[in-house]
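Written below as structure tokens is the structure these notes are about.
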Amino acid sequence: MKLILLGAPGAGKGTQAEVLCKELDIPTISTGNILRAAIKNGTPVGLQAKAYMDAGKLVPDEVIIGIITERVAQDDCKNGYILDGVPRTIAQAEALEKAGITFDDVISIEISDETIMERMSGRRVCEHCGASYHLVAVPPKTPGVCDKCGGKLIQRHDDEPETVKARLEVYHRETEPLKAFYAQRGLLKSVENQPTVAETSQAILHALGR
Ligand code: AMP
């Protein structure tokens with residue numbers, strides 16, 4: 001099963017991807033996590049991406065397409081994968097199609113900008129493995145420590161309110177048109193954000209016919 005998770009920054013794509021990845025036994029490919037790891041490791045891709053990310057802007061399409069084509073060719077992707085945070089523009093979606101990378105379903109998580117602004121202030125991520133938490137909704141067992149790897153939980157630079165606003169603008173302008181793009185291909189399934197993570201997961205699995 002090859003899936004795309006669409007949705008605004010903070011819609012819960014990363015959190016839902018983790019649930020689906022276990023449920024469907026396929027890997028998640030998060031360009032945000034791959035880029036953050038690249039920055040941390042000081043790779044050429046990381047050096048190229050950092051300024052864009054800090055400003056809440058999109059990293060150039062060719063960098064992203066390079067990352068994805070390389071990643072989906074790996075062995076663990078042969079039964080499918082979940083793309084989290086990619087494609088982000090029509091140009092990226094077209095480039096994936098051109099590269100022969102196809103999808104079975106596209107899930108769009110629908111949530112208001114107001115809810116996102118509230119939510120982002122509580123988001124924390126593991127600086128080591130990228131796992132995502134929320135101070136209220138998805139707290140770690142020990143405050144400040146990742147349940148999965150023991151890494152330190154930090155607030156992302158780009159989760160600060162001004163940057164979140166910029167990222168929401170970019171989402172509405174560049175990414176939201178992908179809904180029509182995939183609706184035309186008969187792949188789009190819209191799922192309303194629910195009060196809890198578990199309920200949203202259920203709604204997504206239901207939309208996927210599970
Ligand atoms: P995310 O973790 O998905 O919210 O991504 C964090 C930041 O990484 C974004 O604000 C962009 O700067 C960059 N990024 C992640 N995925 C993409 C993508 N598919 N296209 C362009 N930029 C991306």
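For ligands, and for the atoms within them, numbers begin at 1 and follow the listed sequence. Below, each value reflects all heavy atoms present in this structure, side chains not excepted, and no hydrogens, waters or symmetry copies.
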| Would you say T31 has any N or O atom under 3.5 Å from an N or O of ligand 1, going by distance alone? | yes
| field | Nearest atoms (heavy-atom pairs only) where V191 meets A203 | value | CG1-CB, 3.5 Å
| query | Roughly how far, to the nearest 0.5 Å, is the CD1 atom of I116 from the OG atom of S121? | reply | 12.0 Å
| For the atom pair NZ (K22) and OG1 (T28), what is the distance rounded to the nearest 0.5 Å? | 10.0 Å
| request: Spell out, as yes or no, whether a donor-acceptor pair under 3.5 Å connects the side chain of K13 to the backbone of G7. | output: yes
| query | Does R185 come within less than 4.0 Å of E97, counting only side-chain N to carboxylate O? | reply | yes
| task | Report, in ascending order of atom number, the atoms of ligand 1 lying under 4.0 Å from any heavy atom of V86. | result | 19 (N)
| Numbering as shown, the atoms of ligand 1 that approach Q92 to under 4.0 Å (heavy-atom distance) | 18 (C), 19 (N), 20 (N), 21 (C)
| Looking only at non-hydrogen atoms, which of R88, K57, K50 approaches atom 5 (O) of ligand 1 most closely? | R88
| Would you find a donor on one side and an acceptor on the other, under 3.5 Å apart, between the side chain of K152 and the backbone of H128? | no
| Identify the closest protein heavy atom to atom 8 (O) of ligand 1: which residue and atom is it, and at what distance? | M53 CE, 3.3 Å
| message | I need the minimum non-hydrogen distance between L188 and S108, along with the two atoms involved. | response | CD1-CB, 4.0 Å
| Part of V170 within contact of ligand 1 (heavy atoms, under 4.0 Å) | neither
| Would a hydrophobic clustering, with Ile, Leu, Val, Met, Phe, Trp and Tyr connected at side-chain separations under 4.5 Å, put Y182 with V72? | yes
| Short list, please: which atoms of ligand 1 are under 4.0 Å from a heavy atom of R156? | 1 (P), 2 (O), 4 (O), 6 (C)
| Can you tell me the protein heavy atom closest to atom 22 (N) of ligand 1 and the distance? | V59 N, 3.0 Å
| field | Residue G85 vicinity, atoms of ligand 1 by number, heavy atom under 4.0 Å | value | 16 (N), 17 (C), 18 (C), 19 (N)
| Heavy-atom nearest neighbour in the protein, as seen from atom 23 (C) of ligand 1, with distance rounded to 0.1 Å | I64 CD1, 3.9 Å
| Nitrogen or oxygen atoms of R167 and ligand 1 under 3.5 Å apart | yes
| query | Below 3.5 angstrom, do we get any N/O pair linking L58 and ligand 1? | reply | no
| Under a heavy-atom criterion of less than 4.0 Å, does R36 contact ligand 1? | yes
| request: With rounding to the nearest 0.5 Å, note down the distance linking CD in Q16 to CG in L205. | output: 8.5 Å
| query | Quick check: does L35 get an N/O under 3.5 Å from an N/O on ligand 1? | reply | no
